[in-house]
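In what follows, every heavy atom counts, from backbone to side chain, and hydrogens, waters and symmetry copies are set aside. Quick note on labels: first sequence line is chain A, next is B, and so on, each numbered from 1.
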Amino acid sequence: MSESPVAVNDRLRDLHAMWRIRALEEKVRDLRLEELIVGSVHLSNGQESIAVAACSELRPQDALYATYRGHGWAVARGVPPRNILAELLARSTGVNGGRGGSAHFSAPEFGFHGENSIVGAGAPTAVGAALAARYDGSGRVAVSVFGDGAMNQGAVTEAMNFAAAFGLGVIFICENNRYSELTPINDMVANPDLSQRATALGIPAVRVDGNDLSQVRTAMSLSVASAAAGRGPSFIEAHTQRIVGHYIGDAEQYRPAGELDADMIVEPIARLARELETAGVGRHAIDRCEARARDEIERAASQALADPLVDPSTAKEHLYA
Amino acid sequence: MSESPVAVNDRLRDLHAMWRIRALEEKVRDLRLEELIVGSVHLSNGQESIAVAACSELRPQDALYATYRGHGWAVARGVPPRNILAELLARSTGVNGGRGGSAHFSAPEFGFHGENSIVGAGAPTAVGAALAARYDGSGRVAVSVFGDGAMNQGAVTEAMNFAAAFGLGVIFICENNRYSELTPINDMVANPDLSQRATALGIPAVRVDGNDLSQVRTAMSLSVASAAAGRGPSFIEAHTQRIVGHYIGDAEQYRPAGELDADMIVEPIARLARELETAGVGRHAIDRCEARARDEIERAASQALADPLVDPSTAKEHLYA
Amino acid sequence: MPEAVKLNVGGAVNAALARCLEEMPETILYGEDVGKPGGVFGISRGLQKRFGDRVFDTPISETAMLGAAVGAASFGRRPIVEIMWIDFSLVALDQIVNQAANVRYVSEGRTTAPLTIRTQQGNSPGACAQHSQNLEALLLHIPGIRVCMPRTGQDAYDLVLSAVACEDPTVVIENRTLYAGAKEEVTIGGEILPIGGHRRRRDGDHATVVTWGSITTRVLDAVDRLAADGLTADVLEMVWLNPFDHSAVLESVRRTGRLLVVHEAARTGGFGAEVVARVVESGTVLLAPPRRLGLNDSRIPSAPQLAAALIPQTEQIASELREVIGWTHAGDGS
Amino acid sequence: MPEAVKLNVGGAVNAALARCLEEMPETILYGEDVGKPGGVFGISRGLQKRFGDRVFDTPISETAMLGAAVGAASFGRRPIVEIMWIDFSLVALDQIVNQAANVRYVSEGRTTAPLTIRTQQGNSPGACAQHSQNLEALLLHIPGIRVCMPRTGQDAYDLVLSAVACEDPTVVIENRTLYAGAKEEVTIGGEILPIGGHRRRRDGDHATVVTWGSITTRVLDAVDRLAADGLTADVLEMVWLNPFDHSAVLESVRRTGRLLVVHEAARTGGFGAEVVARVVESGTVLLAPPRRLGLNDSRIPSAPQLAAALIPQTEQIASELREVIGWTHAGDGS
Ligand SMILES: Cc1ncc(C[n+]2csc(CCOP(=O)(O)OP(=O)(O)O)c2C)c(N)n1
Ligand SMILES: Cc1ncc(C[n+]2csc(CCOP(=O)(O)OP(=O)(O)O)c2C)c(N)n1
Ligand SMILES: [Mg+2]
Ligand SMILES: [Mg+2]
């Protein structure tokens, strides 16, 4: 066993953190198939490493903005699974009492400032969180997460330029999972290196293997330090893969033969488990990461399912101050 | 005299072409100050070389889309000054019978597909003209003209990417006159090289001295050839200066001391006149370019002023087919 | 030659699009996931295979998509653009309002924009606030844009064809909850109708109910419930919202003397207000105050039971209709 | 302590902004050309000098500007964003409707967006179609957004303050033709009023005229003309459009029995329809059918005489009012 016990423990912690997301997403899928959850849900299976690694570099005062594919980011930010599941299950214990739902919930008390179901629209909002930091002395860093496809939405360019022009502390994370819904990103751009768009705006940009936790961490830690020190925005293009459909029921006919099989080998949970095994970590310790995560999520789901449904008589509340 | 007579004649023709624009703009300013023209007008004084050089490379089937600062582009495209002035003067002989006005007129019969008063909004439309060419066998090249400030409007990035992804024959011309209204572009971007944004999208891009007709021509001729041959879009960032206010009445307090004086030396009409003189061309020939242009514009203005005002009873026409 | 086939609403739209592409060589069809995958709702399935590069996918760039439609339309194409959700049109409304709606008028008819935007709207259980709005009223306040809203398979087929054939920019607002419904008999291949008109879904004496969109189904259920009590109502489904058949509404209200307008869109500032205003402006004497039902002026929550508390349900429509019919102007001599 | 000063409307807005920046340290003010140049209409002149980097210029990126306001507002700032023309808001309406309007509701009150958008709208002679629209009705159909429309210097001052102090996202719609008008006495430094309410500009017996925005001036001229014939009308200027003081309208109409609504926005689908609908829904008995005047459902041409033929002018308002007053329900026994 070549690695130090500390390093191994850290990596087991990462594996567990990723499993918490995976277990939650699988539970969401089950609940959706049982129609206990209704409506569209977008799972992040296969992309967990980016959320886990990125959030491990964030401080409590930092503000993260995700997309509709945001369950994993919420978990990584520390939002309790019970309250996430309750939200999807329309329970009063949901993080937003059922108003947000799977695709548009938030939990600002955990630095999770919300999913967004308009592609690209969260980027300008994140810029605003960083703009506020210019005045409030919080040292807050804002993180805007979006997909490859969102790069083609004007809002994202506007947000990046706004942050660049004013040197605002925003980290733009592009989760490049190769697809925008059912369409390959490479068919929708002439230059597949999306990070160059940030560079052209004067934003330091890197491309990393999103399945490699340490690459994401390094990029994040530099970006957070830079933003917190007032040196402005950064851009991280993290290559990844979603190993489930865009939505539940997606027939995934757009995938070339063999792609998913290859993805299943490199996806971050399989990869880290394999790496740990190679490093001599016992199967039991590895499996326990999954088991603990599944247990926790099972309990969270039971609790959420036992929680009261939101009360329709409150439907008009919170529209105005 | 080192230049061939042919070359000299071509350059005198350019000078005359630029003077036609300048004379029109100055007439517009006079009519505006007399309140014969009402409302906001945006003049292109100092930027004439780009329109003249670019349009000299276009064919009749090509489609040009300008901004509110579009009088010069219309003239360069061959729209008769009388009908332009009549449009601004709300005459029935105006290119759009007074409906368009200074900031939003078009004359498609001359390949001038319109000004646009929403910053950046003409770029997607130009893309559509090129998209149509994919099916109609016209070989049409579309030209989208916009300012430096427009680069920060999401529509422009979306349009450029759309054209790049599909290899559409659009030439994006960014007239970088250093200001967006009253604000220096360099205060609003982190990277002043705007052309890099196009490069990042996979679009071949050049930066040229817009005051140099031959630089603009060369860039245009390559771009037109490339677009017409189905090799996709190009981007030309042409550096220029507006030697008048953004609008009439603009106090221009944003200009650093001495800037305008320096601009008056490099602006394309003064520059070309000086070059011709240096090349040994007589003052008379040079002056005649201006005189002929002013004569033509005076006549056009008299005609337009004598033309009937648009008839208010037609106000409801042309809303629907 | 017309032919009756069994289609659900999604299939009917697909058939209409296929016919447009077949018979109007100038049509092109595009949108996010519209080409190769055949659309997230499967509406354009098979069309790229059949019509090649006239059917294609686009980047997630609604502004570019719509602007390109304006430009292509002015050069003889007849673009049919899918905006996946009407909520997303708000990132690009400029291209609809300031560009498409303007070109014909501002150019004195020299440039035209015969384009069709197909989109869909409305709440479905669990949908989030950004995927639930009914925004037709925004477009109906914009001179220069035609708007229609099919609900049945037949209308879905007919209206898409009329919209595409129409020389004005036209927005067809569909509803995703209807696409995969039961197959009904749809006559395809018939004459392409001009735009405009309404559908009279019920004949009655005691009130006029004006409605549009998927909520019409609830309205019909509500009206049918009242029939048990001998109360009947005209139900006019306004499949075309611009042009709007105000005269059909007037003609009915003149007879029944009572009016209820039902839409899923927010009540305040909704197009129901226009319907009511036109009727009362006409001087038509009403036997009871007119009423409107719509979303109870709120954002739309994801939890289905919350959304259901805000959007008119069958029972609420029925009781509102009962009240309209039961009401008599106090102190009104007529 | 309140103080009376002489200001034109532009000056009044400037004074209000200065007071916001002075008294509410969490305010920030930005927009295109707003900082160093002091705004294209000079409204923010001197403020950057005085308040430093809390007042700044932005790129031409309305989506980024508005989104940044949503984000900054949720972190304790109180952004005041200038959108130069309301027409330009259409490139970024998503940020107003899908983002700003949603956050409080969707987050169950955990995230709020106390931001103010200052913009201006309307036609001015020679303005093009893309710089002339009156779009308040679009916002008034969106639950979650407050909207007001000042006309006088005093209201310009007061409403900006109320909007900025308000915890909801609020749009203040000004009118550029009013900024540089004559100076009037404006009381500054007084109490900041809560949002809502109307202004009764005339008292009369024969009709109620409801109006808002710069066209109110024409309405007042029209009403004053009729006074020569002994015809008088209540004129209610609805400076707040959301919340809208429907009860004030009702109270007046109950007394006068006649209603005319005048706005510069397009008639069809305009908010005038809502005003009319609310009145008739209330069961108030009218002596004549209500009427609405607005832009005659058109794009807006640049030629001033064409625009004038489409937008209500004083004479037209006067004659419409005469007709409302002169009309009696034929066959109506009351
Ligand atoms: C403005 C807008 N346009 C379209 C959509 C529909 N839509 C939802 S997700 C999606 C694909 C986004 O792809 P990407 O940015 O790569 O993110 P991913 O889903 O792969 O995480 C699209 C087109 C939307 N929600 N908003
Ligand atoms: C979407 C939009 N935002 C703002 C404006 C107001 N505006 C008109 S011109 C202009 C500056 C444009 O600068 P640039 O693109 O450099 O062009 P230039 O005027 O220098 O030719 C602005 C902000 C507008 N017309 N449209
Ligand atoms: Mg993706
Ligand atoms: Mg410029």
Point to revise | Test item: side-chain donor near acceptor, Gln121(D) and Asp87(D), under 3.5 Å | key: no

Check your understanding: Given a strict heavy-atom distance threshold of 4.5 Å, which part of Val95(A) is in contact with chain D: side chain, backbone, both, or neither?
Key -> backbone

Exercise for review: Mind checking the CG-CZ spacing from Leu64(A) to Phe112(A)? Nearest 0.5 Å is all I need.
Suggested key: 6.5 Å

Check your understanding: Between His198(D) and Phe244(D), does the ring centroid distance fall short of 6.0 Å?
Key -> no

Exercise for review: Please determine, by modelled atom types, if Arg19(D) and Tyr157(D) share a side-chain donor-acceptor pair under 3.5 angstrom.
Suggested key: yes

Revision key, fill the gap. Cut-off 4.5 Å, heavy atoms of chain D, and the answer for Asn161(A) is side chain

Exercise for review: Could you verify whether a donor N or O on one side chain and an acceptor N or O on the other, from Ser313(A) and Asp311(A), lie under 3.5 Å apart?
Suggested key: yes

**Study point:** Most contacts with chain D, counted as non-hydrogen pairs under 4.5 angstrom, among Ala321(A), Ala132(A), Gly100(A)
**Key:** Ala321(A)

Point to revise | Side chain, backbone, both or neither of Glu109(A) within contact of chain D (heavy atoms, under 4.5 Å) | key: side chain

**Study point:** Pairs of heavy atoms under 4.5 Å with chain D: top-ranked of Ala159(A), Pro108(A), Ser106(A)
**Key:** Pro108(A)

Point to revise | Region of Glu26(D) in contact with chain A, defined by heavy-atom distances below 4.5 Å | key: neither

Exercise for review: Name the orientation class of the two ring planes belonging to Phe235(A) and Phe146(A) (parallel below 30°, tilted from 30 to 60°, perpendicular beyond 60°).
Suggested key: tilted

Point to revise | Ser44(A)-His71(A) side chain donor-acceptor pair, cut-off 3.5 Å | key: no

Review point. Does Lys36(D) pair with Asp57(D) as a salt bridge, N-O distance under 4.0 Å?
Key: no

Exercise for review: For the residue pair Phe166(A) and Phe162(A), categorise the inter-ring angle as parallel (less than 30°), tilted (30 to 60°) or perpendicular (more than 60°).
Suggested key: perpendicular

Review point. Does the pair Glu167(D)/Arg78(D) count as a salt bridge with the N-to-O cut at 4.0 Å?
Key: yes

Practice item. Measure Leu131(A) against the heavy atoms of chain D and call it side chain, backbone, both or neither at under 4.5 Å. Key: side chain

Point to revise | Interface residues of residues 43-52 of chain D facing chain A - heavy atom cut-off under 4.5 Å | key: none

Point to revise | Best-contacting candidate, Leu66(D), Asp94(D), Ile60(D), Val91(D), against chain A by heavy atom pairs under 4.5 angstrom | key: Asp94(D)

Point to revise | Contact class of Ile145(D) relative to chain A, heavy atoms under 4.5 angstrom | key: backbone

Practice item. Using non-hydrogen atoms and a 4.5 Å limit, figure out which bit of Ala121(A) sits close to chain D: side chain, backbone, both or neither. Key: both

Study note, to complete from the structure: Within residues 99-110 of chain D, contacts to chain A at heavy-atom distances under 4.5 Å involve Gln99(D), Asn102(D), Arg104(D), Tyr105(D), Val106(D), Ser107(D), Glu108(D), Gly109(D), Arg110(D)

**Study point:** Between Gln133(D) and Trp85(D), a side-chain donor and acceptor under 3.5 Å
**Key:** no

Check your understanding: Any chance the rings of Tyr68(A) and His42(A) have centres within less than 6.0 Å?
Key -> yes

Review point. Looking only at heavy atoms, which two atoms of Ala63(A) and Arg140(A) are closest? And how far apart?
Key: CB-CD, 3.9 Å

**Study point:** Ion pair check, Arg91(A) and Glu87(A), cut-off under 4.0 Å
**Key:** no

